[in-house]
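Counting from 1, the numbers follow the sequence of the chain as shown. Both counts, for ligands and for their atoms, begin at 1 and track the order of listing.
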Amino acid sequence: MNRYDSERLAELLLEEGYEAVVDEGQADLVVINTCSVREKAEHKALSYLGRLKMLKRRRPEVIIAIAGCVAQQKGASLLDKVPHLDLVVGTHGLAQVPRMLANLAATGRRQCLVDFVYDFGDRPEGSRRPQSAGVSAYVTIMRGCDNHCAYCIVPQVRGRECSRTVREIVGEVESLVASGAREVVLLGQNVNSFGKGLSGNPDFATLLREVAKVPGVMRMRFTTSHPKDLSPVLMGCFAEIEPLCPHIHLPVQSGSDRILARMRRGYTREHFLELVAALRRVRPDVAISSDVIVGFPGEGEADFQDTLGLLEAVRFDALFSFIYSDRPGTPAKRLPGKVPEEVQLERLQSLQGLQERITLERNEAQVGSITPVLVEGPSQVGEGQLSGRSPQNRVVNFAGQPDLVGREVPVLISAACPHSLQGVVASDGYHPLPMVKETSCYGK
Ligand code: SAM
Ligand code: SF4
């Protein structure tokens with residue numbers, strides 16, 4: 001979501017005549033877009049802001065701005081604490097940045113805007129006309145969140161849930177496709193509740209069907225789906241809507257019922273396992289990824305073992321795992337039973353070790369298969385290599401010409417790495433040579 005906001009802000013500034021530079025030393029304007037989901041991200045943003053003091057001292061004309069969740073949370077107090085800061089813009093104010101820059105230039109007064117605006121008409125997404133889009137493009141379909149997960153700062157910094165209209169979203173998808181996008185990723189904190197409050201009450205499945213009709217949309221994905229609201233209708237979409245990729249991100253957070261209740265997640269371990277089974281019945285090739293928080297207040301060894309057990313039972317294709325981080329104003333901050341840092345770290349390492357084995361095993365099971373890869377661009381693994389994704393969202397690298405970017409190419413998977421697959425283009429009449437075991441990967 002933050003990446004989407006950064007891309008949108010960059011587009012707005014390009015329209016205002018700004019150009020991107022690689023080195024902040026050459027910039028006339030530096031915007032730090034921030035995340036405050038975990039304390040570490042917040043610290044990183046604030047310490048970068050602190051370091052910009054030297055740049056401002058050297059070149060006082062440079063405008064320094066902070067945007068996003070940290071700006072929303074701290075508001076005007078940041079202007080008091082950081083004298084070299086010129087502009088503070090919260091999560092709903094990105095469209096106003098050009099106006100704020102003009103005000104700053106006209107009055108010399110530092111600017112702050114952290115109001116919540118529950119009307120998409122005034123927001124940047126509606127008028128989106130990107131000069132060029134990547135092969136895969138994000139589209140925000142809703143903002144904010146009405147859930148109350150005990151650990152989470154998002155509802156505080158992004159406000160109440162508010163959906164964009166189907167027409168507006170489809171319009172944005174059309175302009176992204178016209179600018180080169182082949183895949184769209186629909187973004188929301190809980191896409192399952194899309195449409196609440198819109199006239200006609202369109203649900204998320206309706207939106208998926210409408211986006212799928214846009215000519216040129218080869219692939220669709222979405223994130224994030226909250227397990228408590230994942231409906232049979234939405235699951236059915238994986239069998240029904242052709243461009244919808246067989247991949248779902250379904251954050252479980254913990255495998256212990258006791259901790260799930262303390263987290264206020266609204267589902268049990270058993271319900272989550274039933275959802276996984278149902279998804280696999282509807283779409284046997286579906287890939288499932290998830291998020292887990294370790295060391296939540298009150299998490300004992302038995303709870304943690306339940307989480308490890310859940311990982312073994314589900315065998316996620318990919319997992320993002322985090323150490324619990326106390327966030328201001330959240331109910332979890334006041335919970336007793338804080339887990340010592342060294343225990344949190346130990347648990348994170350053992351959880352990640354287990355998941356790395358599972359991910360690698362699932363990747364190895366792909367070796368020998370042919371999968372359609374949507375090519376996104378040059379790969380970082382080496383010269384002449386391209387990188388793209390399988391429908392299941394696995395990164396696949398293979399040798400190929402740059403003109404394949406933006407096309408879907410059948411690739412024979414020759415080797416599995418911990419976080420990606422290696423392959424060769426599988427064309428008619430292609431007979432694979434015996435595959436060579438690569439040093440850091442595993443082939444057959
Ligand atoms: N809306 C999504 C959902 O319901 O799962 C998640 C949004 S949140 C930005 C992304 C992930 O950050 C969460 O799934 C959770 O694992 C993690 N997270 C959120 N708050 C956290 C906290 N206080 N400490 C550690 N991890 C946290
Ligand atoms: Fe945070 Fe829960 Fe909302 Fe996700 S659903 S953004 S974890 S409050």
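- In this structure, Glu312 pairs ionically with Arg357, as a charged nitrogen and a carboxylate oxygen lie closer than 4.0 Å.
- For a distance threshold of 2.8 Å, the protein N, O or S atoms nearer than that to atom 2 (Fe) of ligand 2, listed by chain and number, are Cys149 SG.
- Within the structure, the closest approach of Arg265 to ligand 1 falls below 4.0 Å when heavy atoms are considered.
- By the ring-ring contact (aromatic ring centres under 6.0 Å, His included) test, Phe296 pairs with Tyr324, sequence neighbours left out.
- Within 6.0 Å of CZ in Arg280 there are more than 12 heavy atoms belonging to other residues, nucleotides or ligands.
- The existence of a salt bridge linking Asp86 and Arg110 is excluded, since no basic side-chain nitrogen approaches an acidic carboxylate oxygen closer than 4.0 Å.
- Counting protein heavy atoms only, atom 7 (S) of ligand 2 is closest to Tyr151 OH, 3.5 Å.
- Two residues are said to be in side-chain contact when any heavy atoms from C-beta on lie closer than 4.5 Å; His249 and Ser225 fail this criterion.
- At least one N or O atom of Tyr151, backbone or side chain, sits closer than 3.5 Å to an N or O atom of ligand 1.
- Any N or O atom pair closer than 3.5 Å counts here, and Tyr324 shares no such pair with ligand 1.
- Looking at Lys56, its side chain does come within 3.5 Å of a backbone N or O of Val62 through a donor-acceptor pair.
- Applying the 6.0 Å contact sphere to CD of Glu301 captures more than 12 heavy atoms from other residues, nucleotides or ligands.
- Distances below 4.0 Å separate heavy atoms of Arg327 from the following atoms of ligand 1: 23 (N).
- Counting the atoms of ligand 1 from 1 in the order shown, those under 4.0 Å from a heavy atom of Arg38 are 12 (O), 17 (C), 18 (N), 24 (N), 25 (C), 26 (N), 27 (C).
- When the options Val37, Thr223, Asp326, Asn192 are ranked by their closest heavy atom to atom 8 (S) of ligand 1, first place goes to Val37.
- Near Gln253, the atoms of ligand 1 lying under 4.0 angstrom from a non-hydrogen atom of the residue are 5 (O), 13 (C), 14 (O), 15 (C), 16 (O).
- Using a 4.0 Å cut-off between a side-chain N of Lys or Arg and a carboxylate O of Asp or Glu, Arg143 and Glu161 do not qualify as a salt bridge.
- Annotation: Ser325 places an N or O atom under 3.5 Å from an N or O atom of ligand 1; distance criterion only.
- Any N or O atom pair closer than 3.5 Å counts here, and Asn190 shares no such pair with ligand 1.
- Annotation: ring-ring contact (aromatic ring centres under 6.0 Å, His included) contacts of Phe222 (sequence neighbours excluded): Phe204, Phe238.
- Remark: Tyr18 pairs with no residue by the ring-ring contact (aromatic ring centres under 6.0 Å, His included) rule, at least two apart or across chains.
- Between Tyr267 and His226, some side-chain heavy-atom pair lies under the 4.5 Å cut-off.
- Residue contact check: Ile323 has heavy atoms under 4.0 Å from atoms 24 (N), 25 (C) of ligand 1.
- Between Thr224 and ligand 1, no pair of N/O atoms sits closer than 3.5 Å.
- The side-chain heavy atoms of Thr223 and Val191, taken from C-beta on, include no pair separated by under 4.5 Å.
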